[in-house]
Amino acid sequence: PPERAHRLTFGKTSGMLYRTGKNMMLRKAASERDLYRMCTKTFTWRLLTGPELTEVYLNEMRRDFPAGELKPLSMILNSEAAGTAHTWGVYEDDALVLCARAARRARQLEADGVCCRVSQLDYFAVVPAYRAHGIGAQLLAQLPAQEGDAEAILIEAEMPEKAEDAAMAVRRLGFYARCGAWDTHYTEHLFDAWFRILVLDCPGCASLAPEAVVEALADCYRRTISP
């Protein structure tokens with residue numbers, strides 16, 4: 001009878017909805033367990049050697065950054081050898097989790113009568129297997145402690161309106177904003193790419209004036225690029 005058929009159909013649909021809801025709850029629980037597992041992991045920071053940096057550049061950085069944004073490997077290695085730059089590798093046991101091409105330190109300079117020392121965050125990338133679990137934000141928050149006496153971390157984030165991948169540029173800006181970085185409203189054109197200049201204040205340090213940030217960033221490049 002039509003009523004019986006209706007009941008069978010309704011029962012089948014209801015069962016499908018129940019199973020779908022159960023699967024969604026199971027996926028959510030698994031995701032929460034994965035997030036807890038990731039956030040409670042112990043990570044080790046250490047400076048990369050020349051050969052390690054070369055391997056990371058070839059296998060990780062070339063995949064994660066546009067060609068116009070990525071500096072030549074020879075330039076990166078030369079600045080490391082000269083002691084004007086360093087690259088952190090963050091590991092879980094022997095597995096690479098993150099590469100932070102940190103930060104050439106500017107010499108102390110006078111800006112509005114105040115001496116400041118900064119670190120420039122050149123590249124920052126979590127390897128694919130560790131993404132989407134909050135690891136990047138967790139490790140970025142640890143970077144100021146690794147950089148010692150730096151008062152601020154300077155960040156160059158590609159401008160979406162000039163980027164080849166505008167959506168990725170928007171996500172990067174959003175990530176840094178969520179991590180507490182603020183926009184100086186200055187832009188930079190370098191290596192065929194356009195960047196916004198952002199600042200991540202270090203704990204216990206007062207915010208630098210935007211003009212002081214730009215001068216410190218220019219000093220970083222004078223020391224690492226100029227002959």
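Because the structure is a prediction, the values reported are computed rather than measured.
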Peer 1: Does Arg101 pair with Glu80 as a salt bridge, N-O distance under 4.0 Å?
Peer 2: yes
Peer 1: Is the shortest side-chain N to carboxylate O distance from Glu52 to Arg46 below 4.0 Å?
Peer 2: yes
Peer 1: Would Phe43 and Val56 show up in the same hydrophobic cluster when neighbours are defined by side-chain heavy atoms closer than 4.5 Å?
Peer 2: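 As far as the 4.5 Å side-chain criterion goes, Val56 and Phe43 are connected within one cluster.
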Peer 1: Can you see which heavy atom on Cys202 is nearest to which on Ala152, and at what distance?
Peer 2: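 Nearest heavy atoms, Cys202 then Ala152: SG-N, 3.5 Å.
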Peer 1: Is there a donor-acceptor pair under 3.5 Å between the side chain of Asn78 and the backbone N or O of Ser74?
Peer 2: yes
Peer 1: Honestly, is Arg196 close enough over Tyr186, meaning NZ or CZ under 6.0 Å from the six-membered ring centre and within 45° of the axis?
Peer 2: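 The answer is no; the distance or angle limit is not met.
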Peer 1: To the nearest 0.5 Å, tell me how far Leu140 CG sits from Phe124 CZ.
Peer 2: 4.5 Å
Peer 1: Are Leu70 and Val126 connected into the same hydrophobic cluster when the rule is that any two of I, L, V, M, F, W, Y join if their side-chain heavy atoms are below 4.5 Å apart?
Peer 2: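 Same cluster: Val126 reaches Leu70 through Ile, Leu, Val, Met, Phe, Trp or Tyr contacts under 4.5 Å.
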Peer 1: Checking Gln142 against Trp88 for the side-chain hydrogen bond (donor to acceptor under 3.5 Å, both in side chains) test, could you report, in this order, the C-alpha distance in whole Å, the side-chain angles of both residues, the deciding distance, and whether it holds?
Peer 2: CA-CA 12 Å; Gln142 295 177 14; Trp88 294 103; over 6 Å; no
Peer 1: Distance-only, no hydrogens or angles: does the Asp183 side chain make a donor-acceptor pair with backbone N or O of His185 under 3.5 Å?
Peer 2: yes
Peer 1: Pair Ile135, Leu98 - check side-chain contact (heavy atoms from CB on, under 4.5 Å), show working.
Peer 2: CA-CA 9 Å; Ile135 298 299; Leu98 174 140; 5.9 Å; no
Peer 1: Looking at Glu55, I want to see if its CD is surrounded by more than 12 non-hydrogen atoms of other residues, nucleotides or ligands under 6.0 Å.
Peer 2: no
Peer 1: Does the distance from a Lys or Arg side-chain N to an Asp or Glu carboxylate O, for Asp64 and Arg131, drop under 4.0 Å?
Peer 2: yes
Peer 1: Quick check: does any side chain N or O of Tyr123 sit under 3.5 Å from a backbone N or O of Lys71, one acting as donor and the other as acceptor?
Peer 2: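 Side chain of Tyr123 to backbone of Lys71: a pair is present.
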Peer 1: Hey, any chance Phe65 and Met168 share a hydrophobic cluster, counting ILVMFWY side chains that come within less than 4.5 Å of each other, even indirectly?
Peer 2: no
Peer 1: Are any of the side-chain heavy atoms of Ile153 and Val199 separated by less than 4.5 Å?
Peer 2: no
Peer 1: Hydrophobic cluster membership, with links at side-chain heavy-atom distances under 4.5 Å among I/L/V/M/F/W/Y: are Leu139 and Val127 in one?
Peer 2: yes
Peer 1: For Pro210, is there any backbone N or O sitting under 3.5 Å from a side-chain donor or acceptor partner on Thr184?
Peer 2: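 It does not hold such a pair.
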Peer 1: Spell out, yes or no, whether Val90 and Leu47 are grouped together once hydrophobic residues are joined by side-chain heavy atoms under 4.5 Å, including indirect joins.
Peer 2: yes
Peer 1: Do Glu188 and Val214 make a side-chain contact, defined as non-hydrogen atoms from C-beta onward lying under 4.5 Å apart?
Peer 2: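 A side-chain contact is absent here, since even the closest heavy-atom pair is not under 4.5 Å.
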Peer 1: Roughly how far apart are Tyr221 OH and Gln120 CD, rounded to 0.5 Å?
Peer 2: 4.0 Å
Peer 1: Quick one: CG on Leu53 to OG1 on Thr87, what's the gap to the nearest 0.5 Å?
Peer 2: 4.5 Å
